[in-house]
Structure formats: structure tokens, C-alpha cells
Asker: 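Below is the structure I would like to discuss, written out as C-alpha cells.
As the structure is a computational prediction, the values presented were derived from the model and not from experiment.
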Amino acid sequence: MAHTPSPSATPDASALPTTGGLSAKGLSAGSIGLLGATVIGISCIAPAYTLTASLGPTVAAVGTQMPGIFLVGFLPMLLVALGYRELNTAMPDSGTSFTWATRAFGPWIGWMGGWGLIVATVVVLSNLAGVAVDFLYLALAQVFNNPALADLTNNVLINIVTCLVFMVLACYVSYRGMETTKVVQYVLVAFQLIVLVWFSVAALIEFGNGSAFDELAFSASWFNPFLVPSFSAFAAGVSLSIFIFWGWDVTLTMNEETKNPKTTPGRAATLTVVIIFALYILVAIAALMFSGIGTGALGLGNEDIQGNVFAALAGPVMGPFAILLSLAVLSSSAASLQSTFVGPARTMLAMGHYDAFPKRFASISPRFKSPGFATIVAAVVAWGFYAVLRVVSTDVLTDTILTLGMMICFYYGVTAFACVWYFRAEAFSNARAFFLKFLAPLIGGVILSVIFVTTVIDSMSPDYGSGSNIGGVGLVFVLAVVLFSSGIILMFVQRRANPAFFQGKTLTKGTSLD
């Protein structure tokens, strides 16, 4: 596992300790424990934000089978998380997918694995900012009892400028390092979890009182994903459900900053996924029982509310406390906007450290011990991506969610297969190794690969997603091609500018028994 560290990766790289045989990078070691890592993981997933943006589209794809589809989406996430945990134990490194795929498959696949993570987080940062803008003006309209304020989000210029403000604030908090991030997240995560449980209980009470909008009696068949009418609908639903679980791997990009890098990040990732799954099932069942799947004013099948379900349901379900749900989604998207910077910044830091990116990305803020330059770059690119898409897309949130689903399937799948290949020499040595290092990540990777291929094919249709298209080709497919192609081009540019990484000199290919 030896490699030649970049001499300019940090101010004093030679004096830094190593973890798992991979070089530390000057981050603030030992600053995050299990609770802090789990809270940041939940924050990055942003349950209030993901649910308001995905409940409607998921129902549109699979109807009452939404809980079953959430279950199917949960399974590959859990299986892949187990593989991630094994890789982290062997090689705790902030580069995660990039580093592990490079160690398993070599520099080319490793570079694209890192690129997949970076573009996925850039896409979701833009989506998070968009949701934050929507709910900021909705909350202002509720506070001042002036519905016209909510319409300000439809003004493209105001929307883009407000998005920039959110991005700058989130970037500033993330730039200040993990201690500041952790403190901010404790309050915001606790608030949104409490409000989501409150909403679910209130919706179930309304159903019990017979005052639900379009009450739908609970059925165990909701958990049967095989009742979805077509495989394309099934794939679209799973892609959406994978999106709502995405973000737990941020706990692993913090592994060089946790109190026990070999165990804490993996435990936090698993705990995060399980907590989120339980919460999602509760909210999904409550929403179905209260609203049904019809196209009425509050029905989950109503296209007018599908992009932002909680904005429509908050008042009927929570009455005078509806503003709390608006604030929960606002705080959820704002908190996740900040915590999501952790992943791409630390991945770019690692890529700069191992000479896969320009060396400037390996710079650490001397005061805050954070990847300052990489954090700022992530903010600038994410805002630019959002500004462009806000102009060309009729439904920026739906299209970015579907594009994000493909990116997630790609880099999670690459990492899952990296686990299988890296541990191949010991996979059959005992039952634990067989299940955690071979079978679980293999099944998870296969599921994600099938969903990825199906979504790529379906997204070529001009009717896919929001219906926005370029030259008769679906915008979601165009976005995916642009993002992947730009990664390949940048990879060859970096190969020409600094070939050391691509020659295996800074991070070597190997197996767990090397």
C-alpha cells in the first residue's frame, strides 16, 4: 500500500501521521465522534428536503408501492454501506471512492469514481440551494401573511441571487472546519427530525379522525415492490429512492477527522442509513394515508404539488403550526447545503494530494484545518451549475434529482465493485469476509448498475423528467452525458499536465493482502 506522497500536499507533509498506509493530509484529526458523524450524515441526507422533493415524483412513478420502493432503495444502500465500512477499516482516507477505486482498479477508474462523487455533490448542492430559496420565500409569505412573497421564487433573477447568498453562507461555515459544522448541525438536524415526526403523527391522527383529505387505509401490499406495473417505472422509483438515501457516505470522507478513523465512520454510516430508513417509512405511510395518490388538490398524484409536497400539506395537516414544517425544510436544505460541502471538498483534497488534481486542491487552511480552496471551488461550480439549469429547465428540481440518481448509482457502484475486487484474495477465508467483503457489496453494486443502465436508456426520451429536452433528447440524459464527458476530458488534461498519478507513482494499485 506504499506510495509516494506529494511533497507539496501540505505545509509539512513529512511530519504528518498516516492512516491505513495512506497519507494524512493536514485535516483536524480527532474532532468528530460517533454522534457528531451520524448527525452530519443525517444532515447531508436532509430528510425534510429530500421527502418534500421526492414523495410526489415517487408516487407518480409507482403509486401506493412507495414504501416498497423505499425498501428496495434502502437495500443497496445498506449493502454498499457494509462494503464501504470494510474499505474504510482497511484504508481510512478522505478520498473514499476515489482512493479505494484507484487501489482496486487503477488510476483511470479511480479518477472517474472520484469525479462521479464530485459531480453528484455539485448537482445536489444546486438542488439544495433551489429548495432553500423556495422555502425561504414560502416561510416569509407565511410569517407576513402575504402570499405574493412566495411568488418571488419564480423570478429567475431573484431566485439565482438568493441561491448565491445561501451558497456563500454555507461555504463560509464549511470553510471554518468540522467543529463549526458540527455545532450548527446538532440544532438543525434535531429540529427537522422532531417536525417530521410531528407531521407524520398529525397526519395519522387526521386519518383516524376521518378528516384526512383522501384517506387511504393502510395495506401491507404497499411494501411489495413487485406490484409496480413496469420495470421502467420500477427503475425510476428506485432511482428516486436511492436519491433520498444518498449522503450517508459523507461520514466516511471525514474519516481522517474522526476520533477512531477505522471504526467510527463505518458505524456512523450504518447508523445513519438505518435511522433515515425508519423515518422515511413513517412519513411515506402517513402521507399516503392522509392524501392518497389521486390528482385532487392535496393528492400525491397532483402534478402541481409533486415538486414540493410539504408546501401543500403543511397547513391541512399541521394547522397553525404549518410554518414549522416550512422552517424544517428550509433548515434541512440549508443544513445539508453546508454539510454536503464536506464530501466534494475532501475528495478534491485527496485528488490534489495524490496529484490526480492540480496541487492547489491539496491546500489546507492553516487556521481551520479544512480544505479551503476545494470548498470554495465546489461552491462556485455548484452555483454556476444551478444558475444555468435554472434558466434552461422548466423544472430544475426534478431534472437535477433524476440526474443525481444516475451519478449516485455510478460512483456507489464503482466503489461497491472496488470492495469486491480489492478484498478478492481473502473473500472466501471466512463467513464474515464472504458476506461483508464480497456478497453484500457485489449484490449492491449489481442492483445499482442495473438501475443506472435502465435510467440512462429511459432518460433519452424527451418526455423523461420535467419534459425539458434539447434537440428532442431528454435534458436529464444530456446533463449526464455532459457531466461524464467533461470528467473524461479533464482526466486526460490532468494526465498530460501531471502524469505521476496515472503512472501509479502516487497511489498504487493492489489488494488487501499487499
Asker: Under 3.5 Å, is there a donor on one side chain and an acceptor on the other for Tyr137 and Asn154?
Answerer: no

Asker: Trp222 side chain to Met66 main-chain N or O, any donor-acceptor pair under 3.5 Å?
Answerer: no

Asker: Taking side chain as C-beta onward, heavy atoms only, is Phe321 less than 4.5 Å from Trp198?
Answerer: yes

Asker: Check salt bridge (Lys or Arg N to Asp or Glu O under 4.0 Å) between Glu86 and all other residues, then give those that pass, not counting sequence neighbours.
Answerer: Arg432

Asker: Hey, does the side chain of Asn146 reach the backbone of Ala148 with a donor-acceptor pair shorter than 3.5 angstrom?
Answerer: yes

Asker: Return yes if some donor-acceptor pair links the side-chain N/O of Trp383 with the main-chain N/O of Ile160 below 3.5 Å, else return no.
Answerer: yes

Asker: Might you confirm whether atom CG of Asn145 has over 12 heavy atoms from other residues, nucleotides or ligands at distances under 6.0 Å?
Answerer: no

Asker: Between Tyr84 and Ser97, is any side-chain donor less than 3.5 angstrom from a side-chain acceptor?
Answerer: yes

Asker: Regarding Asn159 and Thr162, do their side chains bring together a donor and an acceptor under 3.5 Å, going by distance alone?
Answerer: no

Asker: So how far is it from Leu204 CG to Ile285 CD1, rounded to the nearest 0.5 Å?
Answerer: 8.0 Å

Asker: Any non-hydrogen side-chain atom of Asp93 less than 4.5 Å from a side-chain atom of Tyr354?
Answerer: yes

Asker: Where do Thr50 and Tyr280 land on the side chain to side chain donor-acceptor pair (under 3.5 Å) test, with the steps shown first?
Answerer: CA-CA 10 Å; Thr50 54; Tyr280 283 173; 2.7 Å; yes

Asker: Between Phe207 and Phe218, is the ring centre distance below 6.0 Å?
Answerer: no

Asker: Can you tell me if Gln192 and Ser331 form a side-chain donor-acceptor pair at under 3.5 Å?
Answerer: no

Asker: Side-chain contact test, heavy atoms from C-beta onward, threshold under 4.5 Å: evaluate it for Leu51 versus Val309 and give yes or no.
Answerer: no

